[in-house]
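Remarks on the structure that follows.
Hydrogens, waters and symmetry mates are skipped; everything else that's a heavy atom, side chains included, is used. From a predicted model like this one, the values you see are computed outputs, not experimental measurements.
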Amino acid sequence: VQLQASGGGLVQTGGSLRLSCAASGGTFSINSMSWYRQAPGKQRELVAAINSGGSTSYVDSVKGRFTISRDNAKNTVYLQMNSLKPEDTAVYYCRADGSVSELVAEEAVIYPLDAWGQGTQVTVSS
């Protein structure tokens with residue numbers, strides 16, 4: 001299973017960006033999808049998450065500004081980022097967990113899925 005993230009870029013303070021992340025490849029079922037970010041010299045942090053039922057959670061620093069959503073039919077998660085600040089500058093990564101099914105000796109075997117996207121750079125200028 002591969003995750004392809006897109007939508008990053010350079011934006012001025014107060015601007016908006018929308019990140020997308022699509023999962024593809026194989027037979028899989030996704031439970032939760034999430035966005036992380038990592039700024040230079042800092043640890044990777046969880047920004048937002050959404051489960052299969054649509055429940056969402058956010059880190060305090062983005063509440064009221066970011067919105068996570070998903071399209072289950074497209075196996076895609078989105079992150080709408082508004083009122084961006086310079087401290088939002090980071091590489092953003094998407095993550096999906098769930099299960100993947102593979103044929104082994106003509107039998108379907110279920111494995112846990114924990115996949116990461118390649119990261120997309122978000123830069124907010126002051």
Side-chain angles (χ1 to χ4, degrees):
V1 179
Q2 295 84 38
L3 298 183
Q4 182 67 44
S6 61
L10 172 64
V11 64
Q12 291 186 334
T13 296
S16 299
L17 284 174
R18 188 191 194 211
L19 305 183
S20 300
C21 176
S24 63
T27 303
F28 55 89
S29 175
I30 295 176
N31 293 331
S32 65
M33 303 186 81
S34 51
W35 288 96
Y36 289 71
R37 66 185 178 187
Q38 187 166 20
K42 294 188 177 182
Q43 289 187 332
R44 188 173 298 188
E45 69 168 348
L46 175 62
V47 176
I50 183 167
N51 66 16
S52 57
S55 296
T56 59
S57 61
Y58 300 90
V59 67
D60 286 345
S61 59
V62 308
K63 286 181 180 178
R65 300 188 298 122
F66 290 11
T67 302
I68 189 171
S69 62
R70 64 189 284 177
D71 184 333
N72 292 328
K74 295 181 179 180
N75 293 311
T76 300
V77 63
Y78 306 96
L79 186 67
Q80 178 66 44
M81 305 185 293
N82 299 328
S83 302
L84 282 162
K85 305 175 181 180
E87 50 264 43
D88 295 317
T89 295
V91 178
Y92 284 70
Y93 299 90
C94 56
R95 182 183 186 185
D97 70 71
S99 61
V100 60
S101 176
E102 295 183 358
L103 277 177
V104 178
E106 300 185 350
E107 289 191 10
V109 180
I110 307 298
Y111 297 97
L113 169 67
D114 185 2
W116 289 82
Q118 83 283 9
T120 183
Q121 177 70 45
V122 171
T123 302
V124 184
S125 62
S126 57

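Here the straight-line distance linking atom CZ of R18 with atom CE of M81 works out to 11.5 Å at 0.5 Å rounding. The structure places CG of N51 at 11.0 Å from OG of S34, a figure rounded to the nearest 0.5 Å. Separating the OH atom in Y93 from the CD atom in Q118 is a distance of 9.5 Å, to the nearest 0.5 Å. In this structure, OG in S101 is found 12.0 Å from CG in L113, a value given to the nearest 0.5 Å. The distance from the CZ atom of R70 to the CG atom of L79 is 14.0 Å, given to the nearest 0.5 Å. Distance OG/S55 to CD1/I50: 8.0 Å, rounded to 0.5 Å.
Looking at E87 and T89, their side chains never bring a donor and an acceptor atom within 3.5 Å of each other. Of the N and O atoms on the side chains of S32 and D97, at least one donor lies less than 3.5 Å from an acceptor on the other residue. Of the N and O atoms on the side chains of N31 and S52, not one donor lies less than 3.5 Å from an acceptor on the other residue.
A pairwise comparison of heavy atoms in D88 and Y92 identifies O-OH, 2.6 Å as the closest pair. Between A90 and R37, the shortest heavy-atom distance links the atoms CB-CB, 3.8 Å. Looking at every heavy atom in both residues, T13 comes nearest to S126 through OG1-CA, 3.4 Å.
Ring pair Y36/W116 is tilted by interplanar angle, where 30° to 60° counts as tilted.
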**Request:** Evaluate the side-chain contact (heavy atoms from CB on, under 4.5 Å) criterion for residues K85 and R65: first the C-alpha distance (whole Å), next the side-chain angles of each, then the deciding distance (0.1 Å), finally the verdict.
**Result:** CA-CA 10 Å; K85 305 175 181 180; R65 300 188 298 122; 3.8 Å; yes

**Verdict with reasoning, S16 to N82, per side chain to side chain donor-acceptor pair (under 3.5 Å)** = CA-CA 4 Å; S16 299; N82 299 328; 2.9 Å; yes

**Derivation and outcome, side-chain contact (heavy atoms from CB on, under 4.5 Å), residues L19 and V122** = CA-CA 9 Å; L19 305 183; V122 171; 4.1 Å; yes

**Message:** Assess the residue pair Q38 and Q43 against the criterion (side-chain contact (heavy atoms from CB on, under 4.5 Å)); give the C-alpha distance rounded to whole Å, side-chain angles, the decisive distance to 0.1 Å, and a yes or no.
**Reply:** CA-CA 6 Å; Q38 187 166 20; Q43 289 187 332; 5.6 Å; no

**Asked** Run the side-chain contact (heavy atoms from CB on, under 4.5 Å) check on R95 and D114 step by step: do they pass?
**Response** CA-CA 7 Å; R95 182 183 186 185; D114 185 2; 2.8 Å; yes

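A salt bridge links D60 and K63; the closest N-O separation between the charged side-chain nitrogens and carboxylate oxygens is under 4.0 Å.
Side chains of Q80 and F66 form no contact here, defined as non-hydrogen atoms less than 4.5 Å apart. The shortest side-chain heavy-atom distance between W35 and L46 does not fall under the 4.5 Å cut-off.
Criterion: ILVMFWY side-chain heavy atoms under 4.5 Å apart, direct or through other members. Under it, F28 and M33 are part of a common hydrophobic cluster. When the side chains of ILVMFWY residues are joined at heavy-atom separations under 4.5 Å, either directly or via intervening members, V109 and V100 end up in a single hydrophobic cluster. In this structure, L3 is not a member of the same hydrophobic cluster as V77, with clusters built from ILVMFWY side-chain heavy atoms closer than 4.5 Å. In the hydrophobic clustering of this structure, Y78 does not group with V62; members are Ile, Leu, Val, Met, Phe, Trp, Tyr whose side-chain heavy atoms approach within less than 4.5 Å, directly or through other members. Residues L84 and V91 do not share a hydrophobic cluster, clusters being chains of Ile/Leu/Val/Met/Phe/Trp/Tyr side chains in contact below 4.5 Å.
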